[in-house]
Every structure is written in structure tokens, then in C-alpha cells.
Amino acid sequence: MSNDILVRYRAVISAIGAAAEAASRPADAVTLVAVSKTHDAPAIRPVIEAGQRVFGENKVQEAKAKWPALRADFPDIELRLIGPLQSNKAGEAVALFDVIESVDREKIARELGKEMAKQGRRPRLYVQVNTGEEPQKAGIAPQEAVAFVERCRSEHGLSIEGLMCIPPADENPGPHFALLEKIAAEAGLPKLSMGMSGDYETAIGFGATSVRVGSAIFGERDYG
Ligand SMILES: *Cc1c(COP(=O)(O)O)cnc(C)c1O
């Protein structure tokens, strides 16, 4: 079981290297965010021991239950929140995460600004863009994203490092990755979080600086 995880982990690392090389980019230009949501510490620990340091979780409560003990053993872990944040959890998110990739509305930007000032802790931040303009999906509309990034800075004192997107499940992801890259360039942002298990190699071709890979490493998630 954990051996399967390590085999898949190494395969993902080498696929990232190959995709970067194919795109004439250095392999270390792409950070692998290992998405460990729904997986418990015994599944995660071998991946840490194999050298992985950057992990993604989509729920504040789940991350809070799992990570403090792992981090006590591995203090150099970087933990990223990649799922929607409720405003009443902003304080916990600022305390726990090193990177929050899901800044997706004014209210969250305001709460994060307040909590960061209060706690004196400044997680790095990404704005999530709803590139497919899907009504059920979180994220800022593409045409509003540049202005939103600017307001994060001017009104909430937040420094935004990059953009994140999750393309529609049933569409070719390439145009969405290209759109995110274009918006980031307009906003002057250096980082692009895009690409998941099914499309991370494509995303690297479009300039992803981090890819969020879950099931290709840990196996299918069991929500039951
Ligand atoms: C779960 C999740 C991922 C990882 O998805 P896989 O298809 O399992 O790689 C990536 N990004 C976000 C925002 C997620 O919620």
C-alpha cells in the first residue's frame, strides 16, 4: 500500500521533470504540491520521508487534525490550503497554513487582512480565478481578477503571489491555463498554481509554477 504510493510518487516526480524539459523549463521551476486530503498520517508519512515537503489540503478542520503531529517531526513542511475558505475560519487558516491558494472574494480578503495583522503571520496568497465561469465553482471571474488583485493590495494590505484555477472537468484544460497565465501577466504576478492529476503535464507546458497532484500519488480518494 505505502509502497504503491511511493512508486506513484516517484513516477509523478519524473513526469514533472519530463514535462518541464519538453517545455524547455528547468525541473525546479515547478513545485509539486502533494494533495493529501482524505488520506491519513500513515499514508502521508512515507511520502514525507521520501523527501516531499509541500502538501495541499482542502479543509481547515481536516488539516488541523492531521498536520500538527506530522509537522512536529518534520518542521520544514510547507502546508497549502487549496479549498474554499469560510470567513469564520480565516483565523485558523492564517495560523495553520503557509500558503492560501483560495482567496476568492472580497470578504475573505478582508478577514485574511485582519487576521494577518492580528497574528503577525503572513501566509503567501493566491487568488483563485473561475476561468470557466462555472456558477457552482469558487473563484473570481476572469474579467474582474486584475482589479481584485489590486484591491487586495490597496484595501486589505495583502500581497498576492499568484493565481490558481481549476478548469471545468469536461473541457480541454489548455485554454484555461493560457487564460490564467495571461491574467497573471496583466496583474504582474509571478506564480501560477494549475494542473491536477489528469492534466499537470499540460499545465507545465502552459507555465505552471506549481501543480496540485492528489490521486496520481495517493490513489483514488474514498469519501465513504
Ligand atoms: C483535490 C484537489 C486537487 C487534486 O486532485 P487530483 O485530481 O486528485 O490530483 C487539486 N486541486 C484542488 C483545488 C483540489 O481540491
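Positions are given from 1 along the sequence. All ligand and atom numbering here is 1-based and tracks the order in the structure.
When non-hydrogen atoms are compared, ligand 1 lies under 4.0 Å from neither the backbone nor the side chain of Glu101.
Remark: ligand 1 and Gly214 share an N or O pair separated by less than 3.5 Å (distance only, no angle test). At least one N or O atom of Arg212, backbone or side chain, sits closer than 3.5 Å to an N or O atom of ligand 1.
Within the listing of ligand 1, atoms 9 (O) sit less than 4.0 angstrom from a heavy atom of Val213. Atoms of ligand 1 lying under 4.0 Å from any heavy atom of Ile166, numbered from 1 in the order shown and given with element: 13 (C). Near Ser197, meaning under 4.0 Å from any of its heavy atoms, are these atoms of ligand 1: 6 (P), 7 (O), 8 (O), 9 (O).
Each side-chain hydrogen bond (donor to acceptor under 3.5 Å, both in side chains) pair with one or both residues in residues 17-26, not counting sequence neighbours, would appear here, but there are none.
Salt bridge annotation for Asp98-Arg121: present, with a cationic side-chain nitrogen under 4.0 angstrom from a carboxylate oxygen.
Atoms CD and CD, from Glu106 and Glu155 in turn, are 6.0 Å apart once rounded to the nearest 0.5 Å. Put simply, NZ on Lys107 and OG on Ser87 are 3.5 Å apart, with the number rounded to the nearest 0.5 Å. Between the CD1 atom of Ile100 and the CD1 atom of Ile82 there is a distance of 13.0 Å, given to the nearest 0.5 Å.
Residues Phe55 and Trp67 meet the side-chain proximity criterion, which asks for heavy atoms closer than 4.5 Å.
The shell of residues lying under 4.0 angstrom from ligand 1, judged by heavy atoms, includes Arg221.
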